[in-house]
Protein chains: 2
Amino acid sequence: MDTKTLCLGVLTHGDASGYEIKKAFEDGPFGHIQEIGFGSIYPALAQLLKDNLVTVTQYTQEGRPDKKVYSLTATGRLFLLDALDEPTEPDKVRSDFLFRMMFAHLLSPSALEAMIDERMAVLTEAIAGLEQRANSGFAPASETFIDGYALAIYRAMADYIEENRYQLVSASLLPQRAVAE
Amino acid sequence: MDTKTLCLGVLTHGDASGYEIKKAFEDGPFGHIQEIGFGSIYPALAQLLKDNLVTVTQYTQEGRPDKKVYSLTATGRLFLLDALDEPTEPDKVRSDFLFRMMFAHLLSPSALEAMIDERMAVLTEAIAGLEQRANSGFAPASETFIDGYALAIYRAMADYIEENRYQLVSASLLPQRAVAE
DNA sequence: AGGTACATGTAAGCTGTTACATGATTTT
DNA sequence: AAAATCATGTAACAGCTTACATGTACCT
């Protein structure tokens, strides 16, 4: 999924500015799909406009820069539908955390513990946020589904780490073996 | 983690060629960390060699191109240790599948079912592979930990999808609402 | 007084992906 | 006979990230 398609997707949920699209990829259920920055969004939106897949309305604001609100066109909606019809690419993950865990035996126990604690804190916070959102108000089925999916994964991660961290920590207690090999 | 550090990491597990490093990111526990291709590995290895972080030994083979086997240098090992000491970046995910689920209401029920079935098949296969590996032979603690982590996540995904897919399918049965809005 | 939120955009640089180039051996 | 495995590398291209550029308003 390139940035253009991602923007089109957010716009099916209602008109939005570039700034608001960015927020959608931080807070809401789009946040679990992938990250994007302004440096990708603004050029993508300009391209979509040129291709007539979106239209724009500019709002003048007091004490703030103008706001450009984009709307899907009929062509844009069809373009998205076509993109959705293409074969689904496998999920891609990039885990700096797992990479570090791969080298538990090269790390000091305290450094390792700190990394794991930090990860647990992040997970616990994410879980709390999702639980709160689940219990507050109604959302479309797709959003509920995706939040629930993310919650299930975060819980599985946290539970697994909590139950198995001792394995890594005991491996880290014997760093001389790794060096000797 | 850039490709250079990733390669250095694999080399702590033993000397390897570019081809073998690629395999490590396909099959073994490195496969859960991230993907890399030859187009990234070979230039990275050349750079590491220039920086004296690895050394190379060339083996002539019959009926095959020469094999270049790389080894970590002491400097290379220190470089990796320093990289491991830097702040851990948050995991990055890119899920084409979740993006599609976000638009369940724009999809036909049959297309949606097909996507979910395909995803379940991938997950089931991955789970079977990991279960088999878990029951065969001994591996270092870090590898067992990471395979177990991946297994826990895949199971959580599969269970969640199986239990909640009806939510999405019923949303997809009413596509006229989405169009009307 | 400083940080965060609002708001858009450009340009350079870095990274990574894809395609190309080559070729023997083994498995299906 | 075709496909996969082994094996390395380059070049072009596409994409994304980071830094730069600008400025108000609100909250602490």
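Proteins come first, then strands; the chains are lettered A, B, ... in the order of their sequence lines, and each starts at number 1.
One finds a salt bridge joining A:Glu131 and A:Arg155 here, because a Lys/Arg side-chain nitrogen approaches an Asp/Glu carboxylate oxygen to under 4.0 Å. The residues B:Glu89 and A:Arg94 are annotated as not salt-bridged, no charged nitrogen and carboxylate oxygen being separated by less than 4.0 angstrom.
At the phosphate of C:dC6, neither OP1 nor OP2 sits under 4.0 Å from any side-chain N or O atom of A:Gln61. A sub-4.0 Å separation between OP1 or OP2 of D:dT17 and a side-chain N or O of A:Ser40 is present. Here A:Thr3 does not reach the OP1 or OP2 of D:dG15: none of its side-chain N or O atoms lies under 4.0 Å away.
A residue-by-residue look at A:Met1 and B:Phe38 shows that B:Phe38 has its nearest nucleotide of DNA chain D further toward the 5' end. Between A:Gly37 and B:Ala46, it is B:Ala46 whose nearest contact on DNA chain D lies nearer the 5' terminus.
Under 3.5 Å, the side chains of A:Thr75 and A:Asn52 contain no donor-acceptor pair of N or O atoms.
The separation between A:Asp2 atom CG and D:dT17 atom P is 13 Å, rounded to whole Å. Counting to the nearest Å, the P atom of C:dC6 and the NZ atom of A:Lys22 are 11 Å from each other. The NZ atom of A:Lys68 sits 16 Å away from the C1' atom of C:dC6 (whole-angstrom rounding). We find that CZ of B:Phe25 is positioned 11 Å from P of C:dG16, with the value rounded to whole Å. Distance, B:Lys67 NZ to D:dA7 P: 4 Å, rounded to whole Å.
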Run the side-chain contact (heavy atoms from CB on, under 4.5 Å) test on B:Cys7 and B:Leu48 for me, step by step, so that the C-alpha distance in whole Å, both residues' side-chain angles and the decisive distance to 0.1 Å come before the verdict. CA-CA 9 Å; B:Cys7 290; B:Leu48 289 171; 4.0 Å; yes

